[in-house]
> 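Let me give you the structure first, and then I'll get to my questions.
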Amino acid sequence: WPRDASGAKINRDFPDASRPCFSAYGDSFIWGEEVPLNDGWIEELSRRLGCRIANYGVSGYGTDQAYLRFRRLGADGAPVVLLGFVPEDIRRNVNQYRGFMGWGLAPGVKGRFTLDVADRLEWITAPHLDTDAAVEMHRHPPAYLPHEYLLPDTRDGPVSLRFPYVLTLARVALMPRVWAHIRGRPSYAEYFEADHPSGALPLTIAIVDAFVKEAARRGTHVLIIVTPTVDSFRNYTDFKEHEYSPFLAAMTAKGVDVFDPTAALIAALNGHSYCELYVRPGPCQGHWGVAGGKIVGEVVAAELRRRGYIK
């Protein structure tokens, strides 16, 4: 992940880190995964606006980690901050070990936020795991990660393979994410329900609220940019609704500026499949591709001008 002295992704078109017009935080969609360094959509947006956008995205991050990075870096010099929100991030915000999300053997664990009895954010520090402790963590996850929502053999966690295997298969068949797939809904859609046992929606709202308040304290403004995944487009096409609508409604109620580009992207595609936005359009997979990033950059640039961020 090549970065310049400011900690932002290298921007070959606008290398001067002292005067960014925007900064951007989020996960791999903000960073620009799977495309050449200068061909991410943030870099395309930067060229269209004619100014530097400091890209502080990090692959694999959730909203919680983006907030911590924003807070840790301090003032980044940008008057407006773009916070990328991928709908799947809502599940990452209640997760500490990516292996429990199906990422295989992940390299480490992270801390996470919870809400206390007064609905205030409380930070749970990640445990320090040496090699032996990491092995034991896989054997006895609750002992090391008591605040992990996706613990194995819980409602939404992975199912452990054990005898009798028929019961294991039965538990897999009853997993909510399996039923979501059968119904054609994103596997994380339920996390946007206000009464979901993870508490992911109120937690995510609180994290974003803290991000916005920290920005306001610095005299900067935040615009949330929703990044619809393939599953999001499919859900919107099939059901004519967004699985993340409760999040959008909460942001609107709090007066937080948010832009969901889904409708504008569909219009910009002019009848072509939304799969063409992604790096592997055939199987309809991956991050924004080079061509897709140009379309996303064009749509977001138009919205920023419409809102008066760019004259």
> Students often mix this up, so state it plainly: with edges at 30° and 60°, are the rings of Phe29 and Trp288 parallel, tilted or perpendicular?
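Aromatic pair Phe29/Trp288 classed perpendicular.
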> Give the minimum heavy-atom separation between Ala78 and Thr220, together with the two atoms involved.
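That closest heavy-atom pairing would be O-CG2, 3.1 Å.
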> Under a 4.5 Å cut-off applied to non-hydrogen side-chain atoms, are Tyr25 and Ile30 in contact?
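Sidechains of Ile30 and Tyr25: no contact.
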> Can you pull out every side-chain hydrogen bond (donor to acceptor under 3.5 Å, both in side chains) where at least one residue sits in residues 204-219? Sequence neighbours excluded, please.
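Those involving residues 204-219 are Asn93-Thr204, Asp209-Lys213, Glu214-Arg217, Glu214-Arg218.
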> Give the minimum heavy-atom separation between Arg12 and Asn38, together with the two atoms involved.
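Reported closest heavy-atom pair: N-OD1, 3.6 Å.
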> side-chain hydrogen bond (donor to acceptor under 3.5 Å, both in side chains) between Glu241 and Asn235: does it pass, once the steps are laid out?
CA-CA 7 Å; Glu241 65 179 10; Asn235 187 81; 5.0 Å; no
> Indicate whether the side chain of Ser187 and that of Arg91 have a donor and an acceptor atom separated by less than 3.5 Å.
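Yes, a side-chain donor-acceptor pair sits under 3.5 Å.
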> Is a salt bridge present between Glu190 and Arg155, judged by a nitrogen-to-oxygen distance below 4.0 Å?
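Salt bridge between Glu190 and Arg155, a charged N being under 4.0 Å from a carboxylate O: yes.
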> Please assess Tyr144 against Leu129 for the test side-chain contact (heavy atoms from CB on, under 4.5 Å), listing each intermediate value before the final yes or no.
CA-CA 9 Å; Tyr144 291 86; Leu129 300 177; 3.7 Å; yes
> Report yes if some heavy atom in the side chain of Arg92 is under 4.5 Å from a heavy atom in the side chain of Arg98; otherwise report no.
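The answer is yes; the side chains approach within 4.5 Å.
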> What I want to check is whether the side chains of His287 and Glu34 have a donor and an acceptor closer together than 3.5 Å.
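Checked: His287/Glu34 side chains pair up, N/O donor to acceptor below 3.5 Å.
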> Under 3.5 Å, is there a donor-acceptor pair between the Glu43 and Asn55 side chains?
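Glu43 vs Asn55: donor-acceptor pair found between side chains.
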> Evaluate the side-chain proximity of Ile90 to Phe192: yes if any heavy-atom separation is below 4.5 Å, no if none is.
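Side chain of Phe192 against side chain of Ile90, heavy atoms only: contact under 4.5 Å found.
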> Which pair of heavy atoms, one from Val279 and one from Gly286, lies closest together, and at what distance?
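Smallest heavy-atom distance, with atoms named: CG1-CA, 3.9 Å.
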> Within the 4.5 Å heavy-atom criterion, are Tyr188 and Asp89 side-chain neighbours or not?
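No; the side chains remain at least 4.5 Å from each other.
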> Please determine if Lys110 and Asp64 form a salt bridge, counting it only when a charged side-chain N lies under 4.0 Å from a carboxylate O.
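The answer is yes: the pair qualifies as a salt bridge.
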> Look at Glu243 together with Arg234 and state whether they make a salt bridge at an N to O cut-off of under 4.0 Å.
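No, Glu243 and Arg234 are not salt-bridged.
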> Would you call Val208 and Ile224 a side-chain contact if the rule is heavy atoms closer than 4.5 Å?
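A side-chain contact under 4.5 Å exists here.
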> Which residues satisfy the ring-ring contact (aromatic ring centres under 6.0 Å, His included) test with Tyr309, sequence neighbours excluded?
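Residues passing ring-ring contact (aromatic ring centres under 6.0 Å, His included) with Tyr309: His221.
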> Side-chain contact test, heavy atoms from C-beta onward, threshold under 4.5 Å: evaluate it for Tyr56 versus Ser6 and give yes or no.
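A side-chain contact exists here, since the closest heavy-atom pair is under 4.5 Å.
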> Looking at every non-hydrogen atom in both residues, tell me the closest pair between Val299 and Ala264 and how far apart they are.
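Shortest heavy-atom contact: CG1-CB, 3.6 Å.
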> Should Arg69 and Asp76 count as an ion pair when the cut-off is N to O under 4.0 Å?
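Looking at Arg69 and Asp76, the cut-off is not met.
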> Show your working on ring pair (Phe, Tyr, Trp, His ring centres under 6.0 Å) between Tyr244 and Phe85 and close with a plain yes or no.
CA-CA 10 Å; Tyr244 47 83; Phe85 180 74; 7.3 Å; no
> Is there a donor in the side chain of Tyr149 and an acceptor in the side chain of Asp156, or the other way round, less than 3.5 Å apart?
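Tyr149 vs Asp156: donor-acceptor pair found between side chains.
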> Between the side chains of Glu298 and Lys294, is the shortest nitrogen-to-carboxylate-oxygen separation below 4.0 Å, so that they form an ion pair?
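No, this pair does not count.
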> Does a sphere of radius 6.0 Å around CZ in Arg305 hold more than 12 heavy atoms from other residues, nucleotides or ligands, not counting ones at 6.0 Å or beyond?
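Buried by this count: over 12 neighbours within 6.0 Å.
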> Are Tyr97 and His138 an aromatic pair, judged by ring center distance below 6.0 Å?
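Yes - the distance between ring centres of His138 and Tyr97 falls below the 6.0 Å cut-off.
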> Below 4.5 Å, heavy atoms only, C-beta onward: do Val222 and Asp257 meet side chain to side chain?
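No. Closest side-chain heavy atoms not under 4.5 Å.
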> Under a 4.5 Å cut-off applied to non-hydrogen side-chain atoms, are Cys21 and Val80 in contact?
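Side chain of Cys21 against side chain of Val80, heavy atoms only: no contact under 4.5 Å found.
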> Hey, can you tell me if Phe113 and Tyr67 have their rings parallel, tilted or perpendicular (30° and 60° cut-offs)?
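Phe113 and Tyr67: tilted rings.
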> I need the minimum non-hydrogen distance between Pro246 and Leu201, along with the two atoms involved.
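Closest pair (atom of Pro246, atom of Leu201, distance): CB-CD2, 3.9 Å.
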> Taking all non-hydrogen atoms of both residues, which atom of Ile225 and which atom of Val300 are closest, and how far apart?
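Smallest heavy-atom distance, with atoms named: CD1-CG1, 4.3 Å.
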> So, Glu88 versus Thr229: side-chain donor-acceptor pair below 3.5 Å or not?
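Checked: Glu88/Thr229 side chains show no N/O donor-acceptor pair below 3.5 Å.
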> How about His242 and Asp260: does a side-chain donor come under 3.5 Å of a side-chain acceptor?
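Looking only at side-chain atoms, Asp260 and His242 do form a donor-acceptor pair, the distance falling under 3.5 Å.
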